[in-house]
Structure formats: C-alpha cells, structure tokens
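Here's a structure for you.
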Amino acid sequence: MNIRKLKFYHFRNYDKASFSFEENGIHILRGNNAQGKTNVVEAIYFLSLLRSFRTSKPNLMIKHDEEMMMIEAQIESKERTEDLKVVLSEHKKQLFRFGQPVSTYSSFVGSLNAILFCPDDLMLFAGAPSQRRKFIDTELIKLSKTYTATLSHYQKLLKDRNLALKSTPVDRALIQVYTDQMIEDEKIIIKQRHAFLKDLIEKSQSLYPFFDDGKEVMDAVYKTFVPIDENLEQSLKEAYATSLSKDLFYKTTQLGIHKDDFIFSLNGVPVIESASQGQKRSVLLSLKLGLAHIVYEKDGQYPILLLDDVFSELDEGRKRTLIQMLPEQMQIFITSAEPIQTDWFKRKVFFYTIENGTIKEEVHERNE
Ligand SMILES: Nc1ncnc2c1ncn2[C@@H]1O[C@H](COP(=O)(O)OP(=O)(O)OP(=O)(O)O)[C@@H](O)[C@H]1O
Ligand SMILES: [Mg+2]
C-alpha cells in the first residue's frame, strides 16, 4: 500500500500544502523542532484510523484561528487507486471516498493501513494494562470485523451490568442475563487475543535477534482471568459465579477481559524491569514489523510504516539492521530533527525539509 499524494488545508501549522510520495520509497522528513514533521505523520495516521495519536480532541488539528481543516490523500493499494478526504470543523466531520461522502466510520477506516512507532510507544511497557490492551485491540480491530463488533458489544454489556449492580433492589436475573452474554463475547475475544499474540510473538521473535546479535530472546504472555483451554466456557461461568458476591459488594464487575494484560519480556525478565531504552526500541520495532508481516499475510500488501523520532535514536548497527529488515514493498516515513547518514542498502530514499509548515526543499535521492 502506498500514499502517492497528500494535501492539507488549514491543518495544524500548515496553511495549504501538497506532498507527492514514491511507491515503496523511504521518505525522510527532516527539519528543526516544531516545524511540522510529526504533523505529517499524524495526518497519515488520522486517515488510517480517524483518530489522532496525540490528542483525543480532533478540533485541535484545525489551524489556529481557522474554522475548518482538510486532509486529502491518494492511496494506491493492490486493487485500486482511491482518494480519501476528511473535512473537519468544530461540530462536524465529513468523510469522502472516491469523492463521494461516506457516513460511517467503518466504511472509511480500512482503506489505508498504517503502522506507527512514536516515542510515546515506549510507555507501552511501563504504562497501565489499558495501554497494552489498546495496542493489541488497535491491531485486532483493523484485522477482524468480528473482533470489533464483539468488543464493542462486550463494552456495552459491561456498562449495563455495572448499572444493574448499582441499582436497588438488585435484579439478579438481569445481572445473570448480562453475564451470560458477556461470556459469549469473551469466548471470542479471549481466543482472538490469544491467537493474535501468539502469531505476533512468533513473527517478532524471528526479527528481534537481528537487533541484539541473538543475545536475548523476546517473548510475551497473555494474562487473562481464566485458563485458555478447551474448558474455556466452563471456567468463565465458574469465575463469574464465584465473583458475584464481590461484584455485588463493590457494585462493579471485578472480572473480565476489560482487565486483561500482556507482559513482554527479554530472556524471561519483563521488559519494564531491566531493558535499556535501546532494547525497548528494538523490542517495539520487532513488534511493529511483526504486525506489518501479519497484515501482509492477510492482505497481500504491507501497511505504511510511520517512524516518528525513533530512527535517529538507534545506534548505527541497529539502524543498518532495521533498514535491511524493512520489506522492499513497504512505503516508509521517517521523521528526524537530526541529519541522517547511513547506508540505505539500495533502497529508494527521498528527503524532504519541513520548515514552519512548508516543504522548503525536496531532494530526491535514488540509491542505485
Ligand atoms: N492547531 C494548530 N494550529 C497552528 N499551529 C499548530 C497547531 N497545532 C500545532 N501547531 C504547531 O505545529 C508545530 C508542531 O509541529 P510538529 O509536532 O509536527 O513538529 P515537529 O517538526 O515534529 O517537531 P519535533 O522535532 O520537535 O518533534 C508547533 O509549532 C505547533 O505550535
Ligand atoms: Mg515531531
């Protein structure tokens, strides 16, 4: 998958801007701090998920003192070329595909698949379990419509069940109805999370040693509240039956996949406990590239890779390793405030200089 054109109108610090990108190229966005490099990455990510990775308030993306903003892109996928457009004003978000308005989130999301790695991702290991669930969910949502529907159904049931636990008098029959339905959803979610993590770790494990000279083995464990085996349904029923008195006491659901966690480790030690910054970056890079391979297996094409401020932090050896491991049919965007000099191993590399919301200079370099 490739973005060939990207246009902004009143987006962040851009007034009007237009970019062209090359098929399967590595695009380096250089420039001093606060010039608009990450804004470009944010726009691509936004077209992919209709959500920013920097803010939960989309209106902040509208240029100061303006009323609306627009992001527009031309995407080339395996099957076709298509145009995507988002127009956002304070009270309204309009979505367009092929120039035609689309009314639902699900008919827009999925046209562009992008995988992002930004400095905040390093918090994945140290942060709350909710961050690790979000990491896994974001990818599963892109991969499986069943997962998306089941997860949102579960979240609604959880809300309803918590309300029922708070009401007086307590309607136990109603609580049981919610519990039974939650168990049905959880059977699907647990199996999908389990299978996805297994696949992701197998792929990432085969990539990680290249970053670390084969010294360490990375792994991950899925922690949920029941054993994952052929007795899953029975275990779920028993777990809820046992915790009902606690649920009634605390007036909230104590158990469920909304508390799941995923523990990442190096040589059996949780990453959070002893990994260096460089090791954390390498684990994350392996995970992100592992994700790209999962997408390739499913779609027959690689997602777009967005590396915001991570490349220049790697040591020379790890940079070279990364470039060699990047699939040739993957379009890549790298932002950096530092000049990047490294061996590009015959990849097509294109340099852009971003200055105060404009593309100041555009140097195309082919490494042949
Ligand atoms: N809604 C907005 N309207 C106008 N300018 C904005 C808006 N939101 C952010 N900016 C400006 O965009 C700039 C930040 O852009 P961006 O985060 O892309 O910088 P960057 O080039 O990635 O910098 P760094 O190297 O520090 O990461 C800042 O100057 C900020 O004031
Ligand atoms: Mg930045």
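Basis for what follows: all heavy atoms, side chains included, without hydrogens, waters or symmetry-related copies. All ligand and atom numbering here is 1-based and tracks the order in the structure. Computed from a prediction, not measured in an experiment: that's the story for all the values here.
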Legend entry - Residue part near ligand 1, for Arg54, under 4.0 Å between non-hydrogen atoms: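 Side chain only.
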Inset, instruction - Please check if a non-hydrogen protein atom sits closer than 4.0 Å to atom 7 (C) of ligand 1. - result: yes
Legend entry - Salt bridge Asp199-Lys203, side-chain N to carboxylate O under 4.0 Å: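 Lys203 and Asp199: salt-bridged.
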Legend entry - Sub-4.0 Å heavy-atom contact, Thr335 with ligand 1: no
Legend entry - Per-atom contacts of ligand 1 with Asn13, taking only distances under 4.0 Å to non-hydrogen atoms: 4 (C), 5 (N), 6 (C), 11 (C), 12 (O), 13 (C)
Legend entry - atom 21 (O) of ligand 1 touched by protein heavy atom at under 4.0 Å: yes
Legend entry - Minimum-distance protein heavy atom relative to atom 4 (C) of ligand 1: Arg12 O, 3.2 Å
Legend entry - Salt-bridge criterion met for Lys134 and Asp137 (N-O under 4.0 Å): no
Inset, instruction - Measure from the Mg ion (ligand 2) to each N, O or S atom of Thr38 and report whether any distance is below 2.8 Å. - result: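 Checking the Mg ion (ligand 2) against Thr38, an N, O or S atom does fall under 2.8 Å.
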Inset, instruction - Just jot down the ligand 1 atoms closer than 4.0 angstrom to any heavy atom of Asp309, in number order. - result: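 That gives atoms 27 (O) of ligand 1.
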Legend entry - NZ/NE/NH1/NH2 to OD/OE distance under 4.0 Å, Lys348 and Glu22: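 No, no charged N to carboxylate O under 4.0 Å.
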Inset, instruction - Return yes or no for this condition: an N or O of Ala337 is under 3.5 Å from an N or O of ligand 1. - result: no
Legend entry - Candidates Arg161, Arg172, Lys166 - the one meeting salt bridge (Lys or Arg N to Asp or Glu O under 4.0 Å) with Asp247: Arg161
Inset, instruction - Could you check atom 15 (O) of ligand 1 against the protein and tell me its nearest heavy-atom contact, residue, atom and distance included? - result: Asn39 ND2, 3.2 Å
Inset, instruction - Would you mind telling me if ligand 1 is within reach of the side chain of Asp308, the backbone, both or neither, using heavy atoms under 4.0 Å? - result: neither
Legend entry - Crowding at CD, Glu79 (>12 non-hydrogen neighbours, <6.0 Å):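 Atom CD in Glu79 is crowded, with more than 12 foreign heavy atoms closer than 6.0 Å.
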Inset, instruction - Could you tell me whether Tyr352 and Phe350 have their ring centroids closer than 6.0 angstrom? - result: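 Centroid separation for Tyr352 and Phe350: 6.0 Å or greater.
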Inset, instruction - Would you mind running through ligand 1 and noting each atom that sits below 4.0 Å from a heavy atom of Asn32? - result: 21 (O)
Inset, instruction - Tell me, please: is Glu42 in heavy-atom contact with ligand 1, that is, under 4.0 Å? - result: no
Legend entry - Test: Asp299 and Lys78 ion pair at under 4.0 Å: no
Inset, instruction - Would you mind checking if Arg54 and Asp120 are paired as a salt bridge, meaning a charged N to carboxylate O distance below 4.0 Å? - result: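 Looking at Asp120 and Arg54, the cut-off is not met.
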Inset, instruction - Would you confirm whether His10, through its side chain, and Glu66, through its main-chain N or O, come within 3.5 Å as a donor-acceptor pair? - result: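 Such a contact is absent between His10 side chain and Glu66 backbone.
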Legend entry - atom 3 (N) of ligand 1 - nearest protein heavy atom and its distance: His64 N, 2.9 Å
Inset, instruction - Go through ligand 1 atom by atom and flag the ones less than 4.0 Å from a non-hydrogen atom of Gln35. - result: 19 (O), 20 (P), 21 (O)
Legend entry - Donor-acceptor under 3.5 Å (Arg30 side chain, Phe351 main chain): no
Inset, instruction - Report the part of Ile354 (side chain from C-beta onward, or backbone N, CA, C, O) that has a heavy atom under 4.0 Å from ligand 1; answer both or neither where that applies. - result: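 No part of Ile354 comes within reach of ligand 1.
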Inset, instruction - Consider every N or O of Ala34 and every N or O of ligand 1, then say whether any pair is closer than 3.5 Å. - result: yes
Inset, instruction - Say whether Phe225 and Tyr250 are linked into one hydrophobic cluster, either directly or through other cluster members, by side-chain heavy-atom distances under 4.5 angstrom. - result: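 Each belongs to a different hydrophobic cluster.
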Legend entry - Any Gly31 heavy atom less than 4.0 Å from ligand 1: no
Legend entry - Over 12 foreign heavy atoms within 6.0 Å of NZ, Lys7: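 Not buried by this count: 12 neighbours or fewer within 6.0 Å.
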Legend entry - atom 26 (O) of ligand 1: nearest protein contact (heavy atom, Å):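 Heavy-atom neighbour on the protein nearest atom 26 (O) of ligand 1: Asn33 ND2, 3.1 Å.
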Legend entry - Element-labelled atoms of ligand 1 that are located less than 4.0 Å from some non-hydrogen atom of Thr38: 17 (O), 18 (O), 20 (P), 22 (O), 27 (O)
